[in-house]
Number of protein chains: 2
Amino acid sequence: MRNKATLIYNDLLQKIEQEVYPLGSYLPSENQLCELYGISRETGRKALASLAENGYIQKIRGKGSLVIEHRQYEFPVSGIVSYQELAHQLGIQTRNEVVGFNPNAQLPAHRFTIVEPTVTVAPVTAIKRVRVINGEPAIIDKDYLLKSVVPTIPKTAAETSLYAYLEGQLGLQIAYATKEITMEPANEEDREYLQLDKGAYMAVVRSMTSLADARPFQYTESRHRADKFRFRDFARRQKRG
Amino acid sequence: MRNKATLIYNDLLQKIEQEVYPLGSYLPSENQLCELYGISRETGRKALASLAENGYIQKIRGKGSLVIEHRQYEFPVSGIVSYQELAHQLGIQTRNEVVGFNPNAQLPAHRFTIVEPTVTVAPVTAIKRVRVINGEPAIIDKDYLLKSVVPTIPKTAAETSLYAYLEGQLGLQIAYATKEITMEPANEEDREYLQLDKGAYMAVVRSMTSLADARPFQYTESRHRADKFRFRDFARRQKRG
DNA sequence: CAGTGGTCTAGACCACGAA
DNA sequence: TCGTGGTCTAGACCACTGG
């Protein structure tokens, strides 16, 4: 952990989860946090702002920082948190079958450019995985990773955790992702891998992930059995202009 | 607009959308923002932090604030932005049919309590609306609003914009919402109002909305035709502990 | 009235990128 | 080396809540 605000964020979060600060109670006031942690007020406020942003507290003027019901991750959530991290957090029985691995695939380049594409196709590593939850195949993940960013990927990384390899081994800084959720009829591949009937529906999550230097490097299509899909979100209302 | 950071946020956002700062370009540096707007650096940083949080820019150390592809809202998005606000932003032909209005309904109280419920049911106003997009009925919205917070709702408010009434007329401060997206088979009501075949699927968004003082006051079930549903999101990766 | 959070400032030191 | 963003500080003034 790099900075004081993050340290305090993590400490407060842990204490919320351990119910040192239970639901409906107030965190120590900002001035108290200054003394408790030996920090300035603005630093403490950054930690509180993150907790509020993520739905753990609601700050109420004149009163304090109230602990509110935070969304617990429910499986499967798709996005910027790696599958293995989620499974570990939730203590879920999960298995990971690599059913396709092509280190020399191509993808239309426009997906990976933030302005105008200069070439038409981009070399990628293509990985296809089936996620088995509690013995039942529930998700097909198709990942395409730019070879210009990640030249080689060992198959073992695909079998364990791709993000652990990218961040831990290669030191890449994964920063943000855009994702889109739609509902689509199951295709033949879906029905085969997930053992579904004709007429079944899928929740499809398509996402593009970028590094800290804003280079998009990973395109993912994640296809979920409709009856196993649940997505939870927390949102704050923008201040009106 | 209350504070300088929000003013600057809005100004920069407008200039991004008008391509004064186009995709792939850099915003003025933090020191330049200080001079441009006559503010301190931390104030400008708060504006930039909001832009980054919402996916408009990526801050790169040693370089600057890069304008990146931001998710444009695509219809229908459900959550903390009102339907009418979205429709207006997108310039979409939309109509709103109130097909149910019960000012004396009841809902299990546990939905509205953040700790232990003390009573079993809560008086609510129940509103059922069908959203017609480009002449086609696409969404059924069922809203339940706590009467202890909003005692009376004129039917005209349901016909135009509920949020305009709550915020503009009553001065309520809507602060945050949790939502959950699932996929479910269409029920009889869905098929009737949206003219669907048997076997059709729905995207169902259930959300609980709360005020600035953390009182939950509105429960909504929003049922979307599967083929019209699209949800877009932007997420940043948490700094690892 | 005292305590809470909300905003803003001016300045300091650091880490990173480009030339 | 210089300009960029990243972090942190100490202090100020304001607005709201509650006794």
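Heavy-atom basis, side chains included; hydrogens, waters and symmetry copies ignored. Chain letters run A, B, ... following the sequence lines, proteins first and then strands; every chain starts at 1.
Each of G62(A) and S40(A) has a nearest nucleotide on DNA chain D; the 5'-most of these lies closest to S40(A). Mapped onto DNA chain D by nearest heavy atom, K46(A) and I60(B) fall at different nucleotides, with I60(B) at the one closer to the 5' end.
For the pair Y26(B) OH and dC16(C) C1', the interatomic distance rounds to 13 Å; values are reported in whole Å. Look at CG on N31(B): it is 12 Å from C1' on dC2(D), rounded to the nearest Å. Note: OH (Y9(B)) to P (dC8(C)) measures 16 Å, nearest angstrom. One interatomic measurement links the two molecules: CG of N3(B) to P of dT9(C), which rounds to 11 Å at whole-angstrom precision. Per the geometry, CD belonging to Q173(B) stands 13 Å off C1' belonging to dG5(C), to the nearest Å. At whole-Å resolution of the value, NZ in K63(A) and C1' in dG19(D) are 13 Å apart. dT9(D) atom C1' lies 14 Å from atom CZ of R41(B), rounded to whole Å. Per the geometry, CD belonging to E30(A) stands 18 Å off P belonging to dC14(D), to the nearest Å.
Using a 4.0 Å heavy-atom criterion, one finds that L48(A) contacts no nucleic acid atom at all.
Residue I39(B) places its side chain closer to dT9(C) than to any other of dT9(C), dC13(D), dA10(D). With distances taken from any side-chain atom of Q32(A) to the nucleotides dC8(C), dT4(C), dC8(D), the minimum falls on dT4(C). Counting only heavy atoms from C-beta on, K4(A) has its side chain closest to dT9(D) among dT9(D), dT7(D), dT4(C). Considering only the side chain of T43(A), dT9(D) comes nearest among dT9(D), dT17(D), dA12(C). For R45(B), counting side-chain heavy atoms from C-beta on, the closest listed nucleotide (dT4(D), dT7(D), dG6(C)) is dT7(D). Closest contact between the side chain of K59(B) and the listed nucleotides dG18(D), dG6(D), dA10(D) involves dG6(D). The listed nucleotides are dG5(C), dG5(D), dT9(C); the one nearest the side chain of S65(B) is dG5(D).
Atom CD of Q173(A) sits in a sparse spot, with 12 or fewer heavy atoms from other residues, nucleotides or ligands closer than 6.0 Å.
Comment: R230(B) engages E180(A) in a salt bridge, judged by a side-chain N to carboxylate O separation of less than 4.0 angstrom. Under a 4.0 Å N-O distance rule, the pair K63(B)/D213(A) does not qualify as a salt bridge.
One finds a side-chain N or O of S29(A) lying less than 4.0 angstrom from the OP1 or OP2 phosphate oxygen of dT4(C).
Between A212(A) and Q58(B), the closest heavy-atom pair is O-NE2, 2.9 Å.
Between the side chain of R61(A) and the base of dG3(C), no donor-acceptor pair under 3.5 Å is found.
Inter-residue side-chain proximity for F234(A) and R232(A) is flagged as unmet; no heavy-atom pair is nearer than 4.5 Å.
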